[in-house]
2 protein chains.
Amino acid sequence: MSQPSRSVSATGHALLGLLSFGRELSGYEVKRWADDSLRFFYDAPAMSQVYVELDRLAGLGLAASRDVVRDGTRATRVYRITRRGRSWLRRWLADTPVPPTALKHHLALRVFLGHLTEPERLRALVVAHRAHTEDLLGELEAVRAGLDPEDPDFGHAWLVADWGVAYQRGEIASLDRLLGQLDERGGGGR
Amino acid sequence: MSQPSRSVSATGHALLGLLSFGRELSGYEVKRWADDSLRFFYDAPAMSQVYVELDRLAGLGLAASRDVVRDGTRATRVYRITRRGRSWLRRWLADTPVPPTALKHHLALRVFLGHLTEPERLRALVVAHRAHTEDLLGELEAVRAGLDPEDPDFGHAWLVADWGVAYQRGEIASLDRLLGQLDERGGGGR
DNA sequence: CGTTGCATGTAAGGTGTTACATGATTAC
DNA sequence: GTAATCATGTAACACCTTACATGCAACG
């Protein structure tokens with residue numbers, strides 16, 4: 001049999017992970033679910049990428065697809081994880097080293113280059129980012145509220161959502177601290 | 001005049017940002033500096049990518065290069081930011097919307113899929129990640145110690161380093177909290 | 001005399017994005 | 001009727017990585 005260790009990307013594993021919860025899902029549904037879960041701690045792939053990735057998983061035998069015609073003429077292609085896919089994922093989870101967290105903090109880059117702009121402008125960027133973070137926090141709290149921490153499968157999803165809530169709260173606290181420091185800088189000397 | 005708004009990638013802006021501190025730097029030096037600063041809040045690009053990016057910035061007139069022969073035969077190509085590059089960066093900083101933070105938290109993905117493995121195995125992954133985070137924290141503290149918060153230019157770098165320290169400490173606290181929750185799950189029912 | 005650090009690049013390939021193209025069904 | 005949602009995919013391209021290729025200088 002094949003050993004596509006290298007042939008499944010991190011995103012592929014993430015999507016196969018969504019299928020591992022046992023439901024049969026269309027690409028569209030996978031994307032929506034990714035937007036409600038993966039997005040908060042992992043980049044949610046574009047819609048087009050989801051189709052490509054699911055197709056590849058099916059090609060490797062890790063997922064199986066079938067076309068469902070419900071009522072209308074246009075078919076919906078649904079995917080489910082195969083036994084091979086499940087054991088594949090298990091082994092991946094157990095044996096593959098966890099890569100370091102990849103962060104692209106665009107606001108931090110701008111603060112880093114703060115010498116290039118006026119203090120008020122920089123402050124405005126931070127404030128806008130703070131507002132955006134508040135929004136994210138609200139969404140995450142809603143996600144967490146929809147999960148059951150006692151559930152055998154989705155309990156882990158709850159853990160991650162709970163963690164995400166703490167993470168975003170920490171981010172907001174950091175931003176407030178940063179704003180205070182910027183005010184000291186701007187108000188004082190220079 | 002060109003309007004290469006679209007032609008400079010985020011990484012390009014980050015590297016141009018390093019040049020904006022005024023020093024004339026070789027590609028090699030840019031890479032080392034990126035590893036000591038950008039790496040903590042933005043992905044540090046590969047060495048080869050640094051050369052490509054600098055070359056592109058020079059092609060756009062945002063940076064200028066010259067070959068320095070110091071002593072030996074092999075030339076070192078050094079880059080400095082041009083006046084155009086500086087005003088380019090300023091406008092970018094002032095006018096370009098800040099994209100949302102992109103996170104790829106590979107450990108969170110594994111916790112999310114925790115139903116696929118044994119509690120002890122999952123715990124081990126978290127512990128390993130915690131150790132790695134401690135290392136990062138140590139490196140960041142060293143970076144911060146080498147910066148002066150009062151410096152007109154590098155004061156902003158200090159702010160970001162200080163923020164990074166708080167960020168990684170928060171991460172460690174989150175991981176400890178997560179470990180406690182995992183123990184409750186594992187030790188109790190199920 | 002071998003390894004590490006300085007130094008620069010090319011080639012190939014993987015990963016993912018945006019834009020485009022198409023079309024049905026449902027809700028207002 | 002028209003807008004939003006469901007639904008699937010292709011094409012072009014941007015971005016970045018790994019592997020490779022080369023070579024000098026300094027240190028032990």
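Scope of the values below: all heavy atoms of this structure, side chains included, with no hydrogens, waters or symmetry mates. Just so it is clear: chains get the letters A, B, ... in the order the sequence lines come, proteins before strands, and each one is counted from 1.
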I want to verify a distance call: between [options], whose nearest atom is closest to the [X] side chain?
X: B/Y51; options: D/dC16, C/dG9, D/dT8; result: C/dG9
X: B/Y28; options: C/dA7, D/dT17, D/dT8; result: C/dA7
X: B/A46; options: C/dT18, C/dG16, D/dT17; result: D/dT17

Could you give the [atom1]-to-[atom2] distance, from [X] to [N], as a whole number of Å?
X: B/Y42; N: D/dC15; atom1: OH; atom2: C1'; value: 11 Å
X: B/Q49; N: C/dG14; atom1: CD; atom2: C1'; value: 14 Å
X: B/R39; N: D/dT17; atom1: CZ; atom2: P; value: 14 Å
X: B/D35; N: D/dT17; atom1: CG; atom2: P; value: 11 Å
X: A/L54; N: D/dT10; atom1: CG; atom2: P; value: 13 Å
X: B/L25; N: C/dT8; atom1: CG; atom2: C1'; value: 16 Å
X: B/E29; N: C/dT8; atom1: CD; atom2: C1'; value: 13 Å
X: A/D43; N: D/dA14; atom1: CG; atom2: P; value: 20 Å

Return no unless some side-chain N or O of [X] is found under 4.0 Å from OP1 or OP2 of [N].
X: A/R77; N: D/dG9; result: yes
X: A/R32; N: D/dT5; result: no
X: A/S26; N: D/dC6; result: no
X: A/K104; N: D/dC16; result: yes

Is it true that a side-chain atom of B/S26 and a backbone atom of B/R77 form a donor plus acceptor pair closer than 3.5 Å?
no
Heavy atoms under 4.0 Å, any strand shown: does A/A102 hit a base, just sugar-phosphate, or nothing?
nothing
Taking for A/R56 and for B/Y79 the nucleotide of DNA chain C with the nearest heavy atom, the one nearer the 5' end belongs to B/Y79
Which sits closer to the 5' end of DNA chain D, A/M47 or B/P45, going by the nucleotide each is nearest to?
A/M47
Between A/F40 and B/H105, is the ring centroid distance below 6.0 Å?
no
Hydrophobic cluster membership, B/V98 vs A/L103, 4.5 Å side-chain cutoff:
no
Tell me whether the side-chain N or O atoms of A/S48 pair up with the base of D/dT8 as donor and acceptor below 3.5 Å, since no angle test is needed here.
no
Indicate whether any N or O donor in one side chain lies under 3.5 Å from an N or O acceptor in the other, for B/Y167 and A/Y167.
yes
Find out whether A/R86 and A/R91 are in side-chain contact, i.e. whether some heavy atom of one side chain is under 4.5 Å from a heavy atom of the other.
no
